[in-house]
Amino acid sequence: MSTQHDPHDQHHGTGHDHDPNEQDVHDTLNHIVSPVVYITVGTILLVMTAVTAAVSFVDLGVFNAVVALAIACFKASIVVLFFMHVKYSSKLTKLTVFSGLFTFGVLIMLTLSDYFTRAWGRW
Amino acid sequence: MSDSTVTVHGAHAEHEHPPYQRHHFHSMEQQVDTTSFAMWLFLLTEIMFFGGLFTAYLIFRNWYYPAFVVASHQLSIKEGTANTAVLIVSSFTMAMGVWSAEMRRKGALVLCLCLTFVLGLVFLGIKYDEYHEKWEKHHVPSFHYSTKSFTDPASDPEIHKSYPDDKALPLDMARHTEVYFGLYFAMTGMHALHMIIGISILAFMIFRARAGAYTTGHVTFVNNFGLYWHFVDIVWIFLYPLLYLISRHS
């Protein structure tokens, strides 16, 4: 994946001194991800979609749900990292995304562990 | 009063900046960081919003498991998979749109936005076909809801052929299939609403892009819309296995 680095990368961390003659002022502000990365990620996403659809036709018992959700998490992760540029973003963005997902994880885990255990010991 | 005017004029004289930089930002770098941070905060509220629906779905699936299994057998895996592929390709074209804007290629940007727009419409078209089938079979929660497919599986030959092992449910459990379809329409409906909003913004962006609005170095709008579009894609990436796939063999 070394292709994701582009010539604009060298401007990173050099400061932005708003030279009026500088044509590409904005190009230095966002990391420009190469189309090769997008094509690779898009292809992986399509392949994983075919895999998860195919696996659903095989009887794995409870692992059908586990495999389907694991593949969904993997697909969502590469969308967030590459299509949404989080891999190349500032620490602030990375922290924001992580803290949001973490909070959501806490909420859903506690809620589900409550509901799923209410009937325990009643049979 | 006059003091502030003087300050603003002074700022202009000594501090050149691109025309799209707002004056309350110290630098373009700060403006870009701030807008993308704000967009991510909005997306976090969206995660919590859809998260509530996902949690409700998981709780009710746990409670009325037999009803949720047979009700999910009504969905077409073929159409669900096709829609997943359509959305992934549209996310790819949107990502290429962001790249085109960064590279200041107007033609490529307009093309990418148009492709994303069309793929969004294809998604909604397939979704309409699925909704229409539910409507015809009286599987839309309402006074007209019918549990016949679940109390008497043989009355629904198409599904019965694909899932011959599905047993008839007693009426009280069969009634709970309406909860499944209620959540199905709430979740896919909210997702479809996000698609419709996204497609409307895309139409606006296509006009603006043709006028050259995003290819002069100011790509914030395209960038942040890209984040929104990919987020909507991620929601579907989870809806697809939860609604269509995980109950196939249960």
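Just the heavy atoms: all of them, side chains too, but no hydrogens, waters or symmetry mates, feed the values below. Sequence lines set the chain letters: A, B, ... in the order given, protein chains first and strands last, and positions in each chain run from 1.
Per-residue heavy-atom pair counts under 4.5 Å with chain B were compared for A:Ile39, A:Val62, A:Thr111, A:Leu60, and the maximum is reached by A:Ile39. Interface remark: of the candidates B:Asn62, B:Leu227, B:Thr45, B:Asn62 forms the most heavy-atom pairs closer than 4.5 Å to chain A. With chain A as partner, the option from B:Gly226, B:Gly52, B:Ala95, B:Ser36 having the largest number of non-hydrogen pairs under 4.5 angstrom is B:Ala95.
With a threshold of 4.5 angstrom between heavy atoms, B:Ser91 approaches chain A through its backbone and through its side chain. Contact of A:Leu45 with chain B is made through backbone and side chain together, with heavy-atom distances under 4.5 Å. For a residue to count as touching a neighbouring chain, one of its non-hydrogen atoms must lie under 4.5 Å from one of that chain's; by this rule B:Leu58 touches chain A with backbone and side chain alike. In this structure, the portions of B:Leu245 lying under 4.5 Å from any heavy atom of chain A include both its backbone and its side chain. Interface residue A:Val86: only side-chain heavy atoms are found under 4.5 Å from chain B. In this structure, the portion of A:Thr93 lying under 4.5 Å from any heavy atom of chain B is its side chain and not its backbone. Proximity to chain A (any heavy atom under 4.5 Å) is restricted, for B:Val98, to the side chain, taken from C-beta onward. With a 4.5 angstrom heavy-atom cutoff, A:Thr103 touches chain B via backbone and side-chain atoms both. Within the 4.5 angstrom heavy-atom criterion, only side-chain atoms of A:Leu107, from C-beta onward, approach chain B. For B:Trp229, no part lies near chain A; criterion is any non-hydrogen pair under 4.5 Å. Using a 4.5 Å cut-off between heavy atoms, B:Tyr240 touches chain A through its side chain atoms alone.
For B:Phe123, the ring pair (Phe, Tyr, Trp, His ring centres under 6.0 Å) partners are B:His191, B:Trp236, not counting sequence neighbours.
Listed here is the closest heavy atom pair of B:Ile246 and A:Ala68: CG2-CB, 3.8 Å. Listed here is the closest heavy atom pair of B:Met96 and A:Pro35: CE-CB, 3.6 Å. Considering every non-hydrogen atom in both A:Met84 and B:Leu43, the closest pair reads CE-CD1, 3.8 Å. Contact detail for B:Gly51 and A:Phe104: the closest heavy-atom pair is CA-CE1, 3.2 Å. The shortest heavy-atom contact between A:Phe116 and B:Ile59 is CE1-CA, 4.1 Å.
Within a 6.0 Å sphere centred on NZ of A:Lys94, other residues, nucleotides and ligands contribute more than 12 heavy atoms. Other residues, nucleotides and ligands place no more than 12 heavy atoms under 6.0 Å from the CZ atom of A:Phe98.
With rounding to the nearest 0.5 angstrom, the CD1 atom of B:Ile47 is 5.0 Å from the CG atom of A:Leu101. A:Met48 CE to B:Ile237 CD1: the interatomic distance, rounded to the nearest 0.5 Å, is 11.0 Å.
Judged by distance alone, with hydrogens and angles left aside, the side-chain atoms of B:His230 form no donor-acceptor pair with the main-chain N or O of A:Val80 at under 3.5 Å.
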Go through B:Thr81 and A:Thr52 one step at a time and tell me if the side-chain contact (heavy atoms from CB on, under 4.5 Å) criterion holds. CA-CA 9 Å; B:Thr81 310; A:Thr52 193; over 6 Å; no

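Residues B:Met103 and A:Ile32 are in side-chain contact: their nearest non-hydrogen atoms beyond the backbone lie under 4.5 Å apart. Looking at B:Ile88 and A:Val79, their side chains never come closer than 4.5 Å, going by heavy atoms from C-beta outward. A 4.5 Å side-chain heavy-atom check between A:Ser56 and B:Ile77 finds at least one atom pair inside the cut-off. Within the 4.5 Å cutoff, side-chain heavy atoms of B:Phe37 are placed close to those of A:Leu92. Annotation: side chain of B:Trp99 is not in contact with side chain of A:Val33 (no heavy-atom distance under 4.5 Å).
Note: B:Phe92 and A:Phe83 have tilted aromatic rings, judged against thresholds of 30 and 60 degrees for the angle between ring planes.
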